[in-house]
Number of protein chains: 2
Amino acid sequence: MPVINWLKYRSVIGYGLLLAALLFFLKWLEWRFVIVNYSLEIYVGLTAILYTALGIWLALKLITPKTNTVYVEAESYPIEAFVQYEFELQKSGISNRELDVLQLMAQGLSNQQIAERLFVSLNTVKTHSSKLFEKLQVQRRTQAIEKAKRLNLIP
Amino acid sequence: MPVINWLKYRSVIGYGLLLAALLFFLKWLEWRFVIVNYSLEIYVGLTAILYTALGIWLALKLITPKTNTVYVEAESYPIEAFVQYEFELQKSGISNRELDVLQLMAQGLSNQQIAERLFVSLNTVKTHSSKLFEKLQVQRRTQAIEKAKRLNLIP
DNA sequence: TACAAAATCATCCTAAAGTATGAGTGATAA
DNA sequence: TTATCACTCATACTTTAGGATGATTTTGTA
């Protein structure tokens with residue numbers, strides 16, 4: 001037994017009722033203005049205005065709004081990423097200094113430049129990077145960068 | 001001397017003309033149906049239908065549609081990024097093969113591994129990467145990766 | 001077809017990166 | 001206080017990356 005969705009036809013019903021009401025109104029007008037000479041013009045004019053308004057109202061009511069899809073950059077650092085960052089940092093056992101080196105690596109700096117930036121010797125940077133590679137289980141700096149980004153260790 | 005933008009008022013003018021035409025039509029109807037008994041009801045009915053249609057048309061034509069703005073997190077690849085990709089690719093003059101090498105570099109592969117992956121010699125990969133660095137104006141592969149990501153050349 | 005890019009490969013050389021190992025220092029926790 | 005760990009640095013060595021140059025082949029286009 002199909003259930004009729006009355007709500008769906010609410011506008012149509014409303015429209016019908018309005019039409020009926022208007023007819024009564026017109027009939028009433030007919031009685032009042034039938035003796036006046038220009039009754040017809042007024043009559044038609046009123047009808048025209050009324051139904052134009054009705055048409056506009058109907059259109060506004062029934063038009064499905066356009067959907068504007070806007071693509072927004074994913075938030076720079078959502079909570080999940082931060083949680084994962086902490087987790088992976090703990091799990092891998094990467095130290096602060098190693099993380100420093102990793103970050104500068106990802107910016108494209110050479111070991112020499114990293115050493116200067118951190119005020120340590122080139123050898124120290126090499127030591128850090130070696131241990132970093134062990135902890136990340138990689139062989140090269142490019143791999144380290146790729147994996148670190150994947151693990152949300154760096155942005 | 002201000003120039004009136006007639007196009008802007010095209011709809012209004014059209015509406016006026018339509019009204020005028022309808023009045024003529026109505027006058028004509030008056031002559032034809034004045035003898036008929038139920039002429040008034042037909043008359044009004046026609047007017048109602050016509051003006052409802054006009055109202056709907058007006059609303060559709062003149063009113064800027066409501067926009068529902070939907071925000072979607074940019075997961076895959078929004079248009080802007082793709083446009084930038086094409087633009088930067090053109091500007092830098094990076095060739096297909098160089099782009100292949102760049103992508104594999106960003107995945108952390110060594111030149112040797114890239115050579116195997118692309119079925120070319122190590123020397124070829126070196127040539128490609130050298131030209132790539134020139135075109136990206138960088139010195140090292142880590143810089144190339146960083147810059148390429150910044151320019152949306154690679155994800 | 002002829003010409004310009006693109007793609008391929010090679011050699012020689014230098015610079016940078018990465019591995020292995022050892023060692024000193026300072027902070028901290030058992 | 002001793003053991004551990006992070007940080008620092010060094011030497012020696014190997015591997016990989018990168019620069020310069022030249023040459024050949026493919027390929028797309030005027």
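Proteins come first, then strands; the chains are lettered A, B, ... in the order of their sequence lines, and each starts at number 1.
Within residues 107-124 of chain B, the residues approaching DNA chain C are B:Val120, B:Ser121, B:Asn123, B:Thr124, by heavy-atom distance under 4.0 Å. Residues from residues 133-141 of chain A with heavy atoms under 4.0 angstrom of DNA chain C, sorted by number: A:Phe133, A:Gln139, A:Arg140, A:Arg141. Remark: A:Lys126, A:Ser130 in residues 125-132 of chain A come within less than 4.0 Å of DNA chain C through at least one heavy atom.
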Tabulate protein N/O versus nucleotide N/O from nucleotides 23-30 of chain D, keeping only pairs under 3.5 Å, one per line.
none

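In this structure, CD of A:Gln143 is placed 10 Å from P of C:dT19, rounded to the nearest angstrom. Summarising the geometry, the separation between CG on B:Leu99 and C1' on C:dA6 is reported as 14 Å, rounded to the nearest angstrom. If you measure from atom CG of A:Leu102 to atom P of C:dG18, you get 12 Å, rounded to the nearest angstrom.
Using a 4.5 Å cut-off on side-chain heavy atoms (C-beta onward), A:Phe133 and A:Arg141 make contact. In this structure the side chain of A:Gln143 never reaches within 4.5 angstrom of the side chain of B:Gln107, judged on heavy atoms. Between A:Met105 and B:Thr142 the shortest side-chain heavy-atom distance does not fall below 4.5 Å. Proximity of B:Arg117 to B:Gln112: side-chain heavy atoms (C-beta onward) are nowhere separated by under 4.5 Å. In this structure the side chain of A:Leu118 reaches within 4.5 angstrom of the side chain of A:Leu104, judged on heavy atoms. Side-chain atoms of A:Leu136 and A:Leu153, non-hydrogen and from C-beta on, do get closer than 4.5 Å to each other.
Residues satisfying the side-chain contact (heavy atoms from CB on, under 4.5 Å) test with B:Ser95, not counting sequence neighbours, are B:Arg97, B:Glu98.
Looking at every heavy atom in both residues, B:Lys126 comes nearest to B:Ser129 through O-OG, 2.9 Å. Residues A:Ala148 and A:Leu102 approach most closely at CB-CD2, 3.7 Å, considering heavy atoms. Residues B:Ile154 and B:Ile145 share a closest heavy-atom pair of CD1-O, 4.0 Å. Closest non-hydrogen pair, A:Leu122 versus A:Asn111, comes out as CD1-CB, 3.5 Å. For the residue pair A:Val125 and A:Val120, the shortest heavy atom distance occurs at CG2-CG2, 3.9 Å.
No more than 12 heavy-atom neighbours from other residues, nucleotides or ligands sit within 6.0 angstrom of NZ on B:Lys131.
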B:Thr124/B:Thr127 under side chain to side chain contact (heavy atoms under 4.5 Å, CB included): CA gap, chis, key distance, verdict: CA-CA 5 Å; B:Thr124 303; B:Thr127 306; 5.5 Å; no

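Rounding to the nearest 0.5 Å places NZ of A:Lys135 at 14.0 Å from NZ of A:Lys147.
In this structure, the helix from C:dT1-D:dA30 to C:dA30-D:dT1 shows an angle of 50° between the axis at its start and the axis at its end, each fitted on 5 base pairs and rounded to 10°.
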